Amino acid sequence: KAGVTQTPRYLIKTRGQQVTLSCSPISGHRSVSWYQQTPGQGLQFLFEYFSETQRNKGNFPGRFSGRQFSNSRSEMNVSTLELGDSALYLCASSLGDGSYNEQFFGPGTRLTVL
Amino acid sequence: AQTVTQSQPEMSVQEAETVTLSCTYDTSESDYYLFWYKQPPSRQMILVIRQEAYKQQNATENRFSVNFQKAAKSFSLKISDSQLGDAAMYFCAYRSPGAGTASKLTFGTGTRLQVTL
């Protein structure tokens, strides 16, 4: 069974641009969560989607948004990029949205904002 | 809000020896889940071990075991017979029970484990 895939793996953008990151969950998984990982702030929760609905959102500005499609694939978008948005963005999928469900992580997308 | 603290930024262990990574957390909930995740240099995070708070028995997965002290809000990871492949960043994480709004993982800052020959 294929694992969680994220595209692209690396991305370089300039301040003010916008970016879209994609996550394909494990087949059959309906929940997708996004995390931002930086050296300074560590791992921080962005949002979670289950059956195309956002179920939970972290403490990030409105420039960060996401969506989930009917096939459970998810995208996150960051508009008006800032230098501080440089980070590794991790996506995780699980069967359901219950806490007992194990989250499987993808390899991440490394975003660099210049 | 829940918080997770890992007070050891770096640890080192010799191959075949045992090492213990510390984690404490703060919560007012009585039921929850605790996890240890491993993030090797390739960056793919993988689950090492999981503990349900309502279970008194400490979880074990092969060479990995935990010491869960609910009253002390402590959740340490013991790695026995350490191997070179154990070198990674280890994150302790907390998750509230239920679904929907309670489902996010809260991570500690991580402990970088080095394994030496």
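Below, each value reflects all heavy atoms present in this structure, side chains not excepted, and no hydrogens, waters or symmetry copies. By convention in this document, chain letters (A, B, ...) are assigned in the order of the sequence lines, proteins followed by strands, and residues within each chain are numbered from 1. Nothing here was measured: the structure is a model prediction, and the numbers come from that model.
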Quick one: does [X]'s side chain get under 4.5 Å of [Y]'s, heavy atoms only?
X: B:Ile46; Y: A:Phe105; answer: no
X: A:Gln37; Y: B:Gln39; answer: yes
X: A:Phe104; Y: B:Leu47; answer: no
X: A:Glu102; Y: B:Arg50; answer: yes

Item checked: Partners meeting ring-ring contact (aromatic ring centres under 6.0 Å, His included) with A:Phe64 (sequence neighbours left out) -> A:Phe60

Check: Does B:Tyr32 have any ring-ring contact (aromatic ring centres under 6.0 Å, His included) partners at least two apart in sequence or in another chain, and if so, which?
Finding: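 Scan of B:Tyr32 (ring-ring contact (aromatic ring centres under 6.0 Å, His included), adjacent residues dropped) gives B:Tyr25, B:Tyr94.
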
Item checked: CD on A:Gln103 to NZ on B:Lys104, rounded to 0.5 Å ->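 The CD atom of A:Gln103 is 12.0 Å from NZ of B:Lys104, to the nearest 0.5 Å.
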
Notebook entry, point to check: Nearest 0.5 Å, what's the CD-OG1 distance between A:Gln44 and B:Thr106?
Noted result: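 Interatomic distance, A:Gln44 CD to B:Thr106 OG1, rounded to 0.5 Å: 10.5 Å.
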
Notebook entry, point to check: Nearest heavy-atom pair of A:Phe45 and B:Leu105: which atoms, and what distance?
Noted result: CB-O, 4.3 Å

Just checking [X]: does its [atom1] atom have more than 12 heavy atoms from other residues, nucleotides or ligands closer to it than 6.0 angstrom?
X: A:Arg63; atom1: CZ; value: yes
X: A:Lys57; atom1: NZ; value: yes
X: B:Arg63; atom1: CZ; value: yes
X: B:Asn62; atom1: CG; value: no

Note to self: Out of A:Gly108, A:Pro107, A:Gly58, A:Gly42, return the one with the most heavy atom pairs under 4.5 angstrom to chain B.
What the structure shows: A:Pro107

